[in-house]
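So you know, we letter chains A, B, ... as the sequences are listed, proteins then strands, and number each from 1.
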Amino acid sequence: MNEGREGQITGERAIAHLDMDAFFAAVEQLDEPRYRGKPVIVGGLGPRGVVSTASYEARRFGVGSAMPTARARKLCPQGIFLTPRFPRYVEISKHVREILHQYSSVVEKVSIDEAFFDLTGEAHPEETVAMIKERVKRETGLTCSVGLAPNRFLAKVASELEKPDGLVIIDQEHVQQILDPLPVRMIWGVGRVTERRLRSLGISLISELRRAPLSQLVREFGSMGRVLHRLARGKDDTPLNRKSKSSSLSREVTFSQDVYSTARMEEVVRDLARSVAAQLRRGGLVGKTVRLKIRYPDFETITRQASLITGTDSTRIIEGMALDMLHRRVNIGERGVRLIGVGVGRLSRTSVRQLPLFPDDSDDTCDADRLPADPALPSGHTSLASRKDQIERGRGALYSSL
Amino acid sequence: MDFVSMKNELVFGVKLASYALGTRSSMPILSGLKMEITGDRLRLYATDLERAVRCEIPIENKGEDESVVLNGAILSQIANHLPEDDRITMKRADDDGTIVKLRCGEALFDLPTLPVEDYPEIAPLPEKRIGKVAVEKFHRGLEQTAFASLKANETTRLSLTGVDIVIGGGEMKMVATNGYRLAMKTLSMDEILEEGEFLIEAGVLSDLDRVLSQVNASTVDIYRNDGQVFFSAGGVTFVAKTIAEEFPDFDRVIPTGNTINLTFSRQALLSSLQRIEITAAEESGAVTFRVNTEESAARINSSSKEKGEAEERVRLTKVPSEEIEISFKAEYLIDAMKRMDSEQIVLWLASPEKAGLIEPTGDGISPQDEGFLYVCMPVRLGG
């Protein structure tokens, strides 16, 4: 975890949001000069295709994202209709992110054309965002809109205020002044349905939402009501997610001498499972697949995988599945093993999770942060760390696919 | 071997036995259907070692008492396509002892036999009967519980692939769970001679259910030996292997202190859940219920970034005693409500992270729903 994150939440933060302007269409106009100044529409061109991005020229005809391409053709018959070239967009997107990483250690990629980054602690964050914007233009040939504000929600609002090629800074004193006249739709999480319900309460502007009593909002929207109440005041503590897409986590050990004893292998699998589960819980993650990796003395390496219907961070479940694979799906009898790894994949955040009926079966009640040692661990049982002397490379590897 | 049987009798026997035919190529003999002739009785056997079916039909025996094993899948296909005729004759070929000739009307099949000595022994009915239950009730019990278990390929915890059957106190309890929801049916038995508990894979029980639905009998006798349970009705015996794992202690997870009563029209809640589920997030499948103490309605909504959002108000018969916001995987609630029959159901809640309990309620509790209850754990939403 990055240091200073706590400080960012409590103290004054400087969060920026960068959004590429009409990204796909702009790339096409960049790469093909003939398209410049003309309405360019990128999307699916089949009968059921949908518009991904429309250039600003095309937007003047009423063409917008997520609109059926057939409708866009009616609105803008002279438009240039193109299918997306994702590899090219990814290339540019990566370059922009590299620029951001040079200025901020915390970059949260939202999508291919959008990212948040944290400039808390910078002496002059407004200068930094201006510089970033300039570099993006110079190095990619594309414009972007950037917002800088004390939190994530406001930064996103700021980047949208003067699109395209905008740079808006919201400071604490002007928050309410800027938010009040905006439609509630500008609030992240207010979709069509919520918007309609707010309107039925006579609320269509953020200023009106701010005046609505908390009790009314909670009655109408439950816990979402509390969020709306805070956002209408420009309050948002949400930290940036650096790694929202980490999709697997694993630990492995290589033995200094090949292991032939099944009991020893089981013991190591149990230790690895416990360690992976604890790491999942620390990271607030659950996984839906469990993997067992075995390397034989001749370096042949195999992996076996099993799936769960619901994500887990439970030592017992991960251990049970890994041991089952060890016993039934791997030939360990005479060959011996050189390396054993246990991993969990298809990770998602724990915040949404199906609760178990039999909690002590799956030790879901265990909170790894408060209980660093696994409560299921019998006393006197040595942990992985204290047995490092027997293991060549005791530290497990954490890798993610994105 | 040389006998004549009524076509309908033999077709019936072959069809029943087919429910237990093995498909594992590692033991080809299990693809066979064993026919054992004793006097004027023909016994048919099939097994895949997890389950076995044995049934008996009358024949007119013209030859010796003996046993043969024929390919079950072939026999079953033949049984489905026999010509118009009342009788079937089966006879070992005169010139080749490894061939059985089957004739029905003008149709003649020459069927190769499998080695009878390889066929596994199927245990005879144990002496000790443990009880008797009405087929109709047993069927309904399976229908309302087996769905709650896991498929064998979804878990390594065998106990969660089964339906736990507990006999005692004059009743039979059937319980199944996937670890997140649990279905339980309590039904009265016609007779109990021995109390006990056994766990059988849900897939095996659904084959038993199909077999029972075709047998002309209103009750089924239950027998037990070590590791097997025998269900016998109308001359047909179905043997099920029990799962040698312990079923989770379900009694302690059935909530008893839930005080928030949300009574819905079952049909209204079911159809609105089926709609709201459309926009539920892929990962959790969660829909959120919200009630307050001012309104006799629950607001149910779901949302996901990709699919959109949906909300609906569903009428309650009375204003709730407390306000609550709780989320469930829609599928779990739908699964249970689809299999109920009553006009009204009640969802008993305690708090957002405690199990909800669904039961039939009101004046119109259907006899089909008697003794049914369903427990479902909520989904914890972020924050």
> Of the backbone (N, CA, C, O) and the side chain (C-beta and beyond), which part of Tyr332(B) lies under 4.5 Å from a heavy atom of chain A, both, or neither?
Replying inline: side chain

> Going from CG on Leu355(A) to NZ on Lys329(B), what distance comes out if it is rounded to the nearest 0.5 angstrom?
Replying inline: 13.0 Å

>> If the condition is side chain to side chain contact (heavy atoms under 4.5 Å, CB included), which residues does Arg226(A) pass it with, not counting sequence neighbours?
In response: Leu214(A), Val218(A)

>> If you compare all heavy atoms of Leu182(B) against all heavy atoms of Phe358(A), which two are closest, and at what distance to 0.1 Å?
In response: CD1-CZ, 4.3 Å

> Distance from Arg290(B) atom CZ to Met224(A) atom CE, nearest 0.5 Å?
Replying inline: 10.0 Å

> Excluding sequence neighbours, so at least two apart, what forms side chain to side chain contact (heavy atoms under 4.5 Å, CB included) with Asp324(A)?
Replying inline: Arg328(A), Thr156(B)

>> With a 3.5 Å distance limit and no angle check, can you tell me whether Gln354(A) reaches the backbone of Ser284(B) through a side-chain donor-acceptor pair?
In response: no

>> If I compare all heavy atoms of Arg192(A) with all of Glu309(B), which pair ends up nearest, and what's the gap?
In response: N-OE2, 3.9 Å

> Is there a donor in the side chain of Ser223(A) and an acceptor in the side chain of Glu325(B), or the other way round, less than 3.5 Å apart?
Replying inline: yes

>> Measuring only between side-chain heavy atoms, which start at C-beta, is Asn301(B) closer than 4.5 Å to Phe221(A)?
In response: no

>> Do the side chains of Arg219(A) and Glu295(B) get close enough for a salt bridge, i.e. N-O under 4.0 angstrom?
In response: no

> Closest approach of Thr177(B) and Leu357(A), non-hydrogen atoms and distance?
Replying inline: OG1-CD1, 3.5 Å

> When you look at CZ of Arg185(A), are more than 12 heavy atoms from neighbouring residues, nucleotides or ligands closer to it than 6.0 Å?
Replying inline: yes

> Going from OG1 on Thr194(A) to CD on Glu311(B), what distance comes out if it is rounded to the nearest 0.5 angstrom?
Replying inline: 8.0 Å

>> side-chain contact (heavy atoms from CB on, under 4.5 Å), that's the test. Do Arg299(B) and Glu220(A) meet it? Break it down for me.
In response: CA-CA 9 Å; Arg299(B) 291 179 184 219; Glu220(A) 283 295 321; 3.2 Å; yes

> If you draw a 6.0 Å radius around NZ in Lys354(B), do more than 12 non-hydrogen atoms from other residues or ligands fall strictly inside?
Replying inline: no

> Non-hydrogen atoms of chain B under 4.5 Å away: do they reach the side chain of Arg197(A), the backbone, both or neither?
Replying inline: side chain

